[in-house]
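Here the structure is laid out as structure tokens; the discussion comes afterwards.
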Amino acid sequence: MDPQELRRRRHLLGLSQMALAERLDVAPDTISRWERGTLRIGMECHPCYQWLLKVVSPYLARWPDVDVDVKQRFQFGGIGALFGYDIDVLVTPDPLKKPGLRFEPVFDYEQVLVVADGHALSSEAYVTPEQLSAEVLITYPVETDRLDIYTQFLTPANVVPRRHKVIETTDIMLQMVASGRGVAALPRWLAEEYAGWMPLTPLRLGKKGIAKQIFLGTREADDAIDYLSAFVAMARKADWTGARFRE
């Protein structure tokens with residue numbers, strides 16, 4: 001029986017690791033070791049993958065007996081994947097509170113517009129929705145009702161871009177932006193990293209900007225699992241600047 005199947009059956013029986021250890025007459029940390037194997041992480045955030053890399057590297061170094069697998073496509077969505085034990089952690093900027101699940105904010109960021117250096121908007125302190133009506137907007141292949149640039153910026157102002165184009169990869173998306181083929185909305189930390197070696201300018205969306213957070217979703221029944229709680233704790237301490245990890 002693999003570690004995930006053991007954990008799934010323990011939850012079906014309604015037993016904590018301590019309770020199962022007592023039934024089997026073994027130490028509680030023995031159950032914890034038996035259930036270690038692969039930490040399965042689900043992603044509902046395309047640019048969050050870059051952030052995740054900053055967490056996974058130190059995590060693997062500190063937990064050599066735990067592997068990490070990342071899934072970006074789910075048959076029934078990220079919430080369904082958590083409830084169905086297809087993943088152990090869900091990375092999302094838009095948590096959906098459900099009984100039995102816990103979502104913890106681990107990273108604050110600002111969503112910004114990214115334009116090419118020299119673009120007509122590049123010298124603006126911030127951009128308004130109306131200024132995007134003449135632009136080609138490049139996004140990830142996500143429904144518009146789940147894109148912040150629409151839900152928190154364009155749609156409330158009854159504005160649509162001249163054209164909406166979808167591209168799956170961040171590298172190609174920003175190559176297109178840098179070459180003047182369109183504009184994109186991304187987290188500031190990601191935009192600024194690419195701006196270090198590409199001719200790109202990040203701009204505030206609206207006078208107040210759009211503040212966002214990355215959340216990690218887990219099952220409440222898994223709170224006592226050491227390698228899972230350690231991942232959440234390390235994610236809170238992840239530092240994008242210089243790809244460092246704070247002790």
Side-chain angles (χ1 to χ4, degrees), residues 43-57 70 72 91-94 105-215 238-245:
M43 302 290 293
E44 278 193 336
C45 171
H46 282 75
C48 292
Y49 188 81
Q50 306 286 350
W51 168 85
L52 180 65
L53 295 177
K54 309 298 181 182
V55 184
V56 168
S57 179
V70 177
Q72 292 183 282
V91 182
T92 179
D94 302 301
V106 294
F107 188 73
D108 299 328
Y109 67 94
E110 179 188 3
Q111 192 81 344
V112 298
L113 187 74
V114 188
V115 303
D117 289 352
H119 186 282
L121 298 175
S122 63
S123 60
E124 299 284 343
Y126 62 89
V127 295
T128 65
E130 292 74 19
Q131 287 175 305
L132 298 191
S133 62
E135 300 294 333
V136 175
L137 177 63
I138 304 174
T139 74
Y140 296 107
V142 177
E143 297 86 352
T144 56
D145 61 3
R146 297 193 63 196
L147 290 170
D148 296 319
I149 185 69
Y150 277 93
T151 61
Q152 297 192 44
F153 194 64
L154 294 174
T155 303
N158 292 315
V159 172
V160 294
R162 177 167 62 87
R163 183 184 171 200
H164 179 195
K165 182 180 180 64
V166 298
I167 293 179
E168 286 204 21
T169 63
T170 304
D171 286 346
I172 300 300
M173 178 186 296
L174 290 179
Q175 289 284 357
M176 294 284 284
V177 172
S179 65
R181 309 291 182 86
V183 300
L186 292 170
R188 182 178 289 278
W189 48 265
L190 184 58
E192 289 181 345
E193 165 156 304
Y194 276 86
W197 57 279
M198 294 175 69
L200 298 169
T201 299
L203 300 170
R204 176 158 289 181
L205 287 164
K207 193 172 184 178
K208 295 182 179 179
I210 296 178
K212 294 289 293 181
Q213 292 178 303
I214 293 176
F215 290 81
D239 181 6
W240 179 261
T241 306
R244 296 191 303 273
F245 185 82

Side-chain heavy-atom pair V159, F153 within 4.5 angstrom cut-off: no
Check ion pair R146-D94 (N to O, under 4.0 angstrom): no
D148 vs L205 side-chain heavy atoms within contact, under 4.5 Å: no
Mind checking the CD1-CD spacing from I210 to Q111? Nearest 0.5 Å is all I need. 6.5 Å
Less than 6.0 Å separating the ring centroids of W189 and F107? yes
L132 vs L113, test: side-chain contact (heavy atoms from CB on, under 4.5 Å). Steps then yes/no. CA-CA 10 Å; L132 298 191; L113 187 74; 3.6 Å; yes
OH/Y49: more than 12 non-hydrogen atoms of other groups inside 6.0 Å: no
Has the side chain of S57 got a donor or acceptor atom that lies under 3.5 Å from a matching backbone atom of K54? no
Spatial distance of atom CZ (R188) from atom NZ (K212) [nearest 0.5 Å]: 16.0 Å
Is the backbone of Y150 close enough, under 3.5 Å, to the side chain of T155 for a donor and an acceptor to pair up by distance? yes
Looking only at heavy atoms, what is the nearest atom pair of Q131 and Y126, with distance? OE1-O, 4.0 Å
Minimal non-hydrogen separation, E130 against A157, with atom names: OE2-CB, 4.2 Å
Heavy-atom nearest pair, P202 first then E192, reads CG-CG, 4.2 Å
From I149 CD1 over to H164 NE2, what is the distance, rounded to the nearest 0.5 angstrom? 10.0 Å
Hey, are the side chains of Y194 and L186 touching, using non-hydrogen atoms and a 4.5 Å cut-off? no
Taking the side chain as C-beta and beyond, is there a heavy-atom pair between V183 and V136 under 4.5 Å? no
Would you name the heavy atoms of G180 and A116 that are closest together and state the gap between them? N-CB, 4.4 Å
Donor-acceptor pair, distance only, cut-off 3.5 Å: does the side chain of E124 make one with the backbone of L121? no
Taking all non-hydrogen atoms of both residues, which atom of M198 and which atom of A178 are closest, and how far apart? CE-CB, 3.9 Å
For the atom pair CG (L200) and OG (S122), what is the distance rounded to the nearest 0.5 Å? 11.0 Å
Taking the side chain as everything from C-beta on, heavy atoms only, tell me whether T144 gets closer than 4.5 Å to L154. no
Quick check for you: to the nearest 0.5 Å, what is the distance between H46 atom NE2 and T139 atom OG1? 9.0 Å
Determine the minimum heavy-atom distance between A184 and L137, stating which atoms define it. CA-CD1, 4.3 Å
Could you give the distance from CH2 (W51) to CE (M43), rounded to the nearest 0.5 Å? 7.5 Å
